[in-house]
Amino acid sequence: MATFERMSTILPDTAKVNSKGHLTIGGCDLVELASDFSTPLYIFDEATLRRSCGEFRGEFGKLYEDSLVIYAAKAFINSALAKIINEEGLGLDIVSGGELSIARSVDFPMSKVYFHGNNKLREEIELAIDCRIGRIVVDNLHELSLVNEVARKAKVTQDILLRLTPGIDAHTHQHITTGVIDTKFGLPIATGQAEEAIVKAMSEPNLRLIGLHVHLGSLIFSIEPYQKAIEIVFKFAAEMKKKHKLIFREFSPGGGFAVQYTQDTPAPDAAYYARAIVDAIHSACKEFKLEPPRLIVEPGRAIVGRAGIAIYRAGAIKDIPGIRRYVAIDGGMADNIRPALYGSRYEAIVANKADKKECERVSIVGKYCESGDILVKDEDIPRVVPGDIIAIPVSGAYCLAMASNYNASLKPAIIMVKNGKARLIRRRESHEDLMRFDSI
Ligand code: LLP
C-alpha cells in the first residue's frame with residue numbers, strides 16, 4: 001500500500017495525492033506550500049476543523065439539548081482560530097489573560113467563555129470580570145476569596161463553577177492526569193475541601209455558585225473514568241443539595257477526549273464519548289434524584305489535533321550501519337516538544353513521495369542541541385534525500401501552543417488551507433523578533 005493510503009485515518013479529511021505524487025491538503029500541494037511559505041510550516045485544514053467542531057456540537061446537542069461545547073484554547077489558539085470556533089457556535093475555555101485577550105480580539109461572546117487555571121492572577125481575574133466573562137471555574141479556596149474580592153470591587157455578582165478533584169485515575173501519562181487526589185488542580189471531595197468551598201462560595205455575596213466541574217486528564221481513550229467521575233460528583237452534589245441547598249445547575253466533565261496519532265492507536269469518536277457521558281448523567285440524575293444540569297464539555301485536542309499537519313524539509317542524513325539511519329529536519333523539539341516531554345508517538349509521510357510503496361526504516365530528528373530531539377522513532381517511509389518534504393500528521397494540538405525559541409529558533413509560520421487557497425494566519429518569526437524585547 002502507498003504510504004498515503006495507509007495513513008488516511010490520521011491525515012486531515014481533505015488529504016489527497018495529486019498526479020505528481022505529492023500530498024495535498026485542502027486542495028493545496030504541500031510541496032508548493034513549502035516553497036511558498038518555507039518550512040517548518042504548520043498547516044490547518046479548515047474543513048477538518050469545522051467538521052470536528054460540528055461533530056462535537058452535533059453529537060452532544062442531539063443527545064442533550066442543554067449542552068455547550070467549549071473549545072480548550074490551550075491546545076492552540078490565535079485570532080483566526082478563535083474566529084472559526086465562534087462561527088462554529090462553540091464557547092471557549094481559557095486559562096490566562098493572554099488567551100482571554102486573543103478571544104477579545106475577535107469579539108468572542110464573553111458569556112460563552114470559561115476561565116480555568118489553578119493560580120489565576122489578580123490582574124487576570126480583574127480583566128475577566130471587567131469584560132464580563134461567562135464563568136470563572138474556581139480551583140481553590142484562595143481563589144474563591146480573590147474572585148469574590150475582585151467582583152465586590154467591580155460591584156458585580158460573578159457566576160462561578162467549582163473545580164473538584166474526584167480521586168480518579170484516568171490512566172494516561174502522569175503529566176496529564178489530573179483527577180487523582182495528589183494533583184495541584186481542584187478541590188478534593190475526599191478531604192472535605194470541596195464541601196468547605198461550597199459552603200464558602202454560597203456565603204460570598206459577590207459570587208453565584210451555579211455548578212461543578214471536573215477534568216480528569218488528557219488523551220483518555222476509555223469512557224470509564226468519565227462514568228466514574230459522574231457517579232462520584234452527582235452523588236456528592238445530591239448530598240450538598242440536601243445539606244447546604246447547593247444549586248447544581250451546571251456540570252462539566254472537562255475535556256480529554258483522545259485522538260488517533262498513529263495507525264495502531266485508533267481513538268473513539270465524539271459520538272461515542274457523547275453517548276457514554278449523557279447516559280451516565282441521566283442515570284446519575286435518576287439515582288440521586290437530581291434535575292439534569294446544563295452540560296459543558298471542553299475538548300481541545302479532539303478539535304484541532306487532526307486538522308493540523310506540520311511540514312519540514314529534510315537536511316542531513318546520518319547512517320550508522322546496522323544501527324540506525326537518522327534523517328534530520330529543519331524543526332523539531334522547539335515546535336513540537338511532545339515526543340521529548342511525554343514520549344508521544346507520531347508518524348511521518350514524505351509529502352513529495354506520497355504515492356511510493358517501498359520503504360526503509362529511519363528515525364526523524366530535529367535540529368536542536370539535544371539527543372532527545374527525536375520526532376519519530378524507527379518508522380518505515382520512502383527513501384528520503386536532502387530537500388524532501390516530511391509531513392507529520394496530527395500536529396494541530398499542543399505543538400504550536402507549547403513551542404519555544406530554544407536555540408534562538410524562530411517559531412514557524414501557520415497557514416489555513418481551504419478549496420485550493422492558503423492564507424497566512426501567523427507569520428514566521430524573524431531574527432529581529434528575537435531581539436525585540438531585549439535591552440543592553
Ligand atoms: N479542560 C481542562 C480543565 C483542561 O485542563 C484541559 C487540558 C482540557 C479541558 C482539554 O483537554 P484535551 O481535550 O485537549 O485533552 N500538553 C498536553 C496536554 C495538556 C492538557 C491540559 N489540560 C499534551 O500535549 O498532551
Side-chain angles (χ1 to χ4, degrees), residues 52-53 55-56 60 68-77 81 85 90-96 99 113-120 135-140 143 161-166 168 170-180 183-187 211-223 225-226 229 233 251-261 265 267-270 273-274 277 295-308 310 333 335-346 375 392 394-404:
S52 55
C53 290
E55 236 168 62
F56 268 90
F60 278 93
L68 176 68
V69 177
I70 63 175
Y71 167 64
K74 58 185 82 64
F76 168 63
I77 193 77
L81 191 80
I85 296 293
L90 271 57
L92 210 58
D93 147 5
I94 56 125
V95 289
S96 67
E99 289 182 353
V113 181
Y114 284 61
F115 191 5
H116 282 281
N118 70 307
N119 191 22
K120 302 172 189 74
R135 309 276 187 272
I136 296 182
V137 184
V138 175
D139 190 271
N140 51 64
E143 195 177 292
L161 302 182
L162 291 178
R163 175 168 177 168
L164 307 186
T165 316
I168 289 174
H171 300 295
T172 181
H173 190 282
Q174 66 168 34
H175 292 174
I176 52 177
T177 192
T178 51
V180 292
T183 169
K184 69 173 181 169
F185 294 107
L187 297 146
L212 304 174
H213 172 280
V214 287
H215 173 71
L216 307 171
S218 200
L219 204 58
I220 303 173
F221 282 84
S222 104
I223 48 172
Y226 294 100
V233 172
F251 167 69
S252 175
F257 313 113
V259 301
Q260 180 173 3
Y261 278 99
T265 54
D269 59 9
Y273 289 112
I277 288 173
L295 171 63
I296 311 295
V297 282
E298 304 170 341
R301 190 189 316 267
I303 298 290
V304 285
R306 189 171 164 185
M333 68 189 296
D335 62 272
N336 184 356
I337 191 74
R338 300 193 69 260
L341 192 55
Y342 312 114
S344 308
R345 286 175 55 227
Y346 286 85
L375 275 196
I392 309 276
V394 204
S395 293
Y398 302 110
C399 294
L400 292 162
M402 297 172 82
S404 74

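One-based numbering, in listed order, for ligands and for the atoms of each. Just so it is clear, the values below take in all heavy atoms, side chains as well, and ignore hydrogens, waters and symmetry mates.
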Visitor: Using a strict 4.0 Å cut-off to heavy atoms of Ala72, name the atoms of ligand 1 that fall inside it.
Guide: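 The list of qualifying atoms is 8 (C), 9 (C), 10 (C).
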
Visitor: Check contact between Pro299 and ligand 1, using heavy atoms of the residue and a distance below 4.0 angstrom.
Guide: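 In this structure, Pro299 qualifies as a contact of ligand 1 - some heavy atom is under 4.0 Å.
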
Visitor: Report yes if Glu298 has an N/O atom closer than 3.5 Å to an N/O atom of ligand 1; otherwise report no.
Guide: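 Such a contact does occur with ligand 1.
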
Visitor: Looking at Glu143 and Lys120, does any basic side-chain N land under 4.0 Å from a carboxylate oxygen?
Guide: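 Salt bridge present between Glu143 and Lys120.
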
Visitor: For ligand 1, which atoms sit closer than 4.0 Å to a heavy atom of Asp93?
Guide: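 Under 4.0 Å from Asp93, ligand 1 has these atoms: 1 (N), 2 (C), 9 (C).
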
Visitor: For Phe115, which residues count as a ring pair (Phe, Tyr, Trp, His ring centres under 6.0 Å) partner, sequence neighbours excluded?
Guide: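 Not a single residue meets the ring pair (Phe, Tyr, Trp, His ring centres under 6.0 Å) criterion with Phe115.
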
Visitor: Taking ring pair (Phe, Tyr, Trp, His ring centres under 6.0 Å) as the test, write out the residues that go with Phe251, two or more places apart.
Guide: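 Partners of Phe251 by the ring pair (Phe, Tyr, Trp, His ring centres under 6.0 Å) criterion, ordered by chain and then number, come out as Phe234.
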
Visitor: So that I can tick it off, tell me whether Asp93 and Lys74 are bridged by a salt bridge, with the cut-off set at under 4.0 angstrom between side-chain N and carboxylate O.
Guide: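 Salt bridge between Lys74 and Asp93, a charged N being under 4.0 Å from a carboxylate O: yes.
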
Visitor: Does the N or O separation between His213 and ligand 1 drop below 3.5 Å for any pair?
Guide: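 So ligand 1 has no N or O lying under 3.5 Å from an N or O of His213.
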
Visitor: Distance check, rounded to the nearest 0.5 Å: Glu298 atom CD versus Phe56 atom CZ?
Guide: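 Between atom CD of Glu298 and atom CZ of Phe56 there are 12.0 Å.
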
Visitor: Ring centres of His213 and His116 under 6.0 Å apart?
Guide: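 Judged by ring-centre distance (under 6.0 Å), His213 and His116 do meet the cut-off.
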
Visitor: If hydrogens are left out, which of Arg338, Arg301, His116, Arg163 has an atom nearest to atom 24 (O) of ligand 1, that is, the closest non-hydrogen atom?
Guide: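 Answer by nearest heavy atom: Arg338.
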
Visitor: Does ligand 1 have any atom that is closer than 4.0 Å to a heavy atom of Gly256?
Guide: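 Per 4.0 Å heavy-atom rule, Gly256 contacts ligand 1.
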
Visitor: Applying a 4.0 Å heavy-atom criterion (strictly less than), which segment of Tyr342 is in contact with ligand 1: side chain, backbone, both, or neither?
Guide: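 For Tyr342, the contact with ligand 1 is made by the side chain alone.
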
Visitor: Pairing donors with acceptors under 3.5 angstrom, does anything connect the side chains of Ser52 and Arg306?
Guide: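 Side chains of Ser52 and Arg306: no pair found under 3.5 Å.
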
Visitor: State whether the shortest distance between N or O atoms of Gly300 and N or O atoms of ligand 1 falls below 3.5 angstrom.
Guide: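 Yes, since at least one N or O of Gly300 sits under 3.5 Å from an N or O of ligand 1.
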
Visitor: Answer yes or no: does an N/O atom from Ser218 fall short of 3.5 Å to an N/O atom of ligand 1?
Guide: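 It does: an N or O of Ser218 is found under 3.5 Å from an N or O of ligand 1.
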
